[in-house]
Amino acid sequence: MTEGTTTAAAEGGDTLTRLEQEGEIAADYLEGLLDIADLDGDIDMDVEADRAAVSIVSDLAGRDLSKLVGRDGEVLEALQELTRLAVLRETGDRSRLMLDIAGFRAKKREELAVLGAQAASDVKASGEPLKLAPMTPFERKVVHDAVAAAGLRSESEGEEPQRFVVVLPA
């Protein structure tokens, strides 16, 4: 191995270690939150797409955990930001950690991928740009990825919280 390859491998290992540490800090924070709220849930940690990913799952079909998701994932988004702040406080580094509760975000990702693919198909057929409804940054990212996978471009426009995706013709 050359020195550059060794350095890249070491940086990759350092990144993985850092992301695992973020996941552990987040898991500790969320376990404390679950205890305070007197909710049952197990915490799963992983690293996905260069991000720490933490999920709270329950054997009770997520009934108790739905309180932590809130309407349209609003509480989930707030908890994700609080968890990122807990990681920042411990590490001094900003985190891009993704939080999922009771599979809400995973299900939403599937729905948005279908929406993005359908929007791309509609734009290919019409040749006209298509504006979608306002979305969160997570939702826009999933749609952008689906549009790109379909071979088209998309852009985000507007100001939060009314920022939306525009799918553009080829």
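Under the 4.5 Å side-chain heavy-atom criterion for Ile, Leu, Val, Met, Phe, Trp and Tyr, Val57 and Val47 are members of distinct hydrophobic clusters. No chain of hydrophobic side-chain contacts below 4.5 Å, direct or via other Ile, Leu, Val, Met, Phe, Trp or Tyr residues, connects Phe138 to Val54. Clustering ILVMFWY residues whenever any of their side-chain heavy atoms sit less than 4.5 angstrom apart, transitively, puts Leu112 in a cluster other than the one holding Ile101.
The backbone N or O of Ser55 lies less than 3.5 Å from no partner atom in the side chain of Asp100, so there is not a single donor-acceptor pair. Panel note: side chain Arg84, backbone Leu97; a donor-acceptor pair is recorded below 3.5 Å. Under a 3.5 Å cut-off, the side chain of Arg94 and the backbone N or O of Leu88 do not form any donor-acceptor pair. Although no hydrogens or angles enter the test, the distance criterion places a donor-acceptor pair under 3.5 Å between the side chain of Gln80 and the main chain of Leu99. At distances below 3.5 Å, not a single donor-acceptor pair connects side-chain atoms of Asp46 with backbone N or O atoms of Ala53. Asp145 places no side-chain N or O within donor-acceptor distance of the main-chain N or O of Ala149, the cut-off being under 3.5 Å. No donor-acceptor distance shorter than 3.5 angstrom exists from the side chain of Arg96 to the backbone of Arg51, with no hydrogens or angles considered.
Crowding of Asp38 atom CG: a count of heavy atoms from other residues, nucleotides or ligands under 6.0 Å not exceeding 12.
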* Asked: Which is it for Arg105 and Glu110 under the salt bridge (Lys or Arg N to Asp or Glu O under 4.0 Å) test, yes or no, and what are the steps along the way?
  -> CA-CA 9 Å; Arg105 199 175 294 272; Glu110 291 173 11; over 6 Å; no
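Salt-bridge check for Glu159 with Arg163: failed, with every basic side-chain N at 4.0 Å or more from each acidic carboxylate O. Using a cutoff of 4.0 Å between basic side-chain nitrogens and carboxylate oxygens, Arg140 and Glu155 are not scored as salt-bridged. A salt bridge links Glu139 and Lys108; the closest N-O separation between the charged side-chain nitrogens and carboxylate oxygens is under 4.0 Å.
When every heavy atom of Ala86 is checked against every heavy atom of Ile25, the shortest pair comes out as O-CG2, 4.0 Å. Summarising the geometry of Ala170 relative to Leu152, their closest heavy-atom pair is N-CD2, 3.6 Å, with the distance given to 0.1 Å. Leu79 approaches Leu33 most closely through the heavy-atom pair CD2-CD2, 3.5 Å. The shortest non-hydrogen separation linking Leu34 to Gly41 is CD1-O, 3.9 Å. Nearest approach of Ile43 to Leu30, heavy atoms of both residues: CD1-CB, 3.7 Å. Smallest separation of non-hydrogen atoms from Leu68 and Val75: O-CG1, 3.3 Å.
To the nearest 0.5 Å, the span separating CD1 on Ile36 from CD on Glu31 amounts to 12.0 Å. The line from CE of Met45 to CG of Leu19 is 12.0 Å long, rounded to the nearest 0.5 Å. A distance of 10.5 Å separates OG1 of Thr136 from CD of Glu74, quoted to the nearest 0.5 Å. How far CG of Leu16 is from CD of Gln21: 12.0 Å, rounded to the nearest 0.5 Å. If you take NZ on Lys141 and OG on Ser156, they are separated by 11.0 Å, rounding to the nearest 0.5 Å.
Under a 4.5 Å side-chain heavy-atom cut-off, the cluster of Ile, Leu, Val, Met, Phe, Trp and Tyr residues that includes Val166 is completed by Phe164, Leu168.
Residues Met135 and Leu115 meet the side-chain proximity criterion, which asks for heavy atoms closer than 4.5 Å. Using a 4.5 Å cut-off on side-chain heavy atoms (C-beta onward), Glu90 and Tyr29 make no contact. Between Arg153 and Val147 there is no side-chain heavy-atom pair separated by less than 4.5 Å.
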Counting only pairs under 3.5 Å, give me each side-chain donor-acceptor contact of residues 116-133, with atom names and distances, residues two or more places apart or in other chains.
residue : atom : partner : partner atom : Å
Gln118  : NE2  : Asp122  : OD1          : 2.7
Lys124  : NZ   : Ala150  : O            : 2.6
Ser126  : OG   : Asp122  : O            : 3.2
Ser126  : OG   : Glu128  : N            : 3.1

